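Labels below follow one simple rule: chain letters A, B, ... track the order of the sequence lines, proteins then strands, and each chain is numbered from 1. Everything quoted here is computed from the prediction, not taken from an experiment.
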Amino acid sequence: MAYWLMKSEPDVYNIDTLRKNSCEMWGKSVRNYQARNMIRDDMKIGDGIFFYQSNCKDIGILGIAKVASKPYPDPTQFDKNSHYFDEKSSKDDPRWFSIDVEFVRKFSRTITLAEIKAEKTLEGMILTRRGNRLSITPVDENHWQKILSLE
DNA sequence: GCCAACGTTGGC
DNA sequence: GCCAACGTTGGC
């Protein structure tokens, strides 16, 4: 069992939509190889996911989801009308992958980025590393537990 | 809206 | 295979 943190921009997708729909395909906009490798190779059913929102007023972790499927080829890479169409990808050898993500719960409050940065024991989280731009990052179990305790 | 940091692209 | 130019991310 591993833990992850997924970024989302609330304008594009927010946690209330995930709560309403319960389960959603995730990764159809991920076009970064490092993130792709994590989706394809490392994420397992049942893994915990922090739902983080960026590029907005209330930056931070809003709640928890979990991995609900094995990785599968992201359908948008084959869709000519999609913004995420990739002509270099083929169905025999798909380049990009998605997984299903299931809503678990929303925190009673947002654990803000400022709090996370201020917390000594959370030093070293990939999230707070300078220049980090990955939409998915692994989370250490002790960091996971610590953030839960902050709620 | 600014800008630093990074990934990707493409000419050579 | 190098590297400059460009596009994107994302905190502030």
Can you name the one residue among A:Ile49, A:Thr137, A:Val30 that meets side-chain contact (heavy atoms from CB on, under 4.5 Å) with A:Met6? A:Ile49
Quick check on the hydrophobic clustering: are A:Trp4 and A:Tyr72 connected, directly or via other members, by side-chain heavy-atom contacts under 4.5 Å? no
Face-on cation placement of A:Lys28 at A:Tyr84 ring, 6.0 Å and 45° thresholds: no
Identify, between A:Asn132 and A:Lys88, the residue whose nearest nucleotide on DNA chain B lies closer to the 5' end. A:Asn132
Taken in chain and number order and not counting sequence neighbours, the residues that satisfy side chain to side chain contact (heavy atoms under 4.5 Å, CB included) with A:Arg36 are A:Tyr33, A:Arg40, A:Arg95, A:Trp96, A:Phe97
Considering residues at least two apart in sequence or located in another chain, which fulfil the side chain to side chain donor-acceptor pair (under 3.5 Å) criterion with A:Glu151? A:Arg105, A:Ser108
I'd like to check the side chain to side chain donor-acceptor pair (under 3.5 Å) partners of A:Lys70; sequence neighbours left out, ordered by chain and number. none
When Ile, Leu, Val, Met, Phe, Trp and Tyr are grouped by side-chain heavy atoms lying under 4.5 Å apart, directly or through other members, which residues fall in the same group as A:Ile116? A:Met1, A:Tyr3, A:Leu5, A:Phe50, A:Tyr52, A:Ile59, A:Ile61, A:Ile64, A:Val104, A:Phe107, A:Ile111, A:Leu113, A:Leu122, A:Met125, A:Leu127, A:Val139, A:Trp144, A:Ile147, A:Leu148, A:Leu150
What's the shortest heavy-atom distance between A:Asp47 and A:Ala2, and which atoms? OD1-N, 3.0 Å
Of all of residues 113-129 of chain A, which get a heavy atom below 4.0 angstrom from DNA chain C, listed by number? A:Leu113, A:Lys117
With heavy atoms of chain A within less than 4.0 Å as the criterion, where does contact along DNA chain C begin and end? C:dG7 to C:dC12
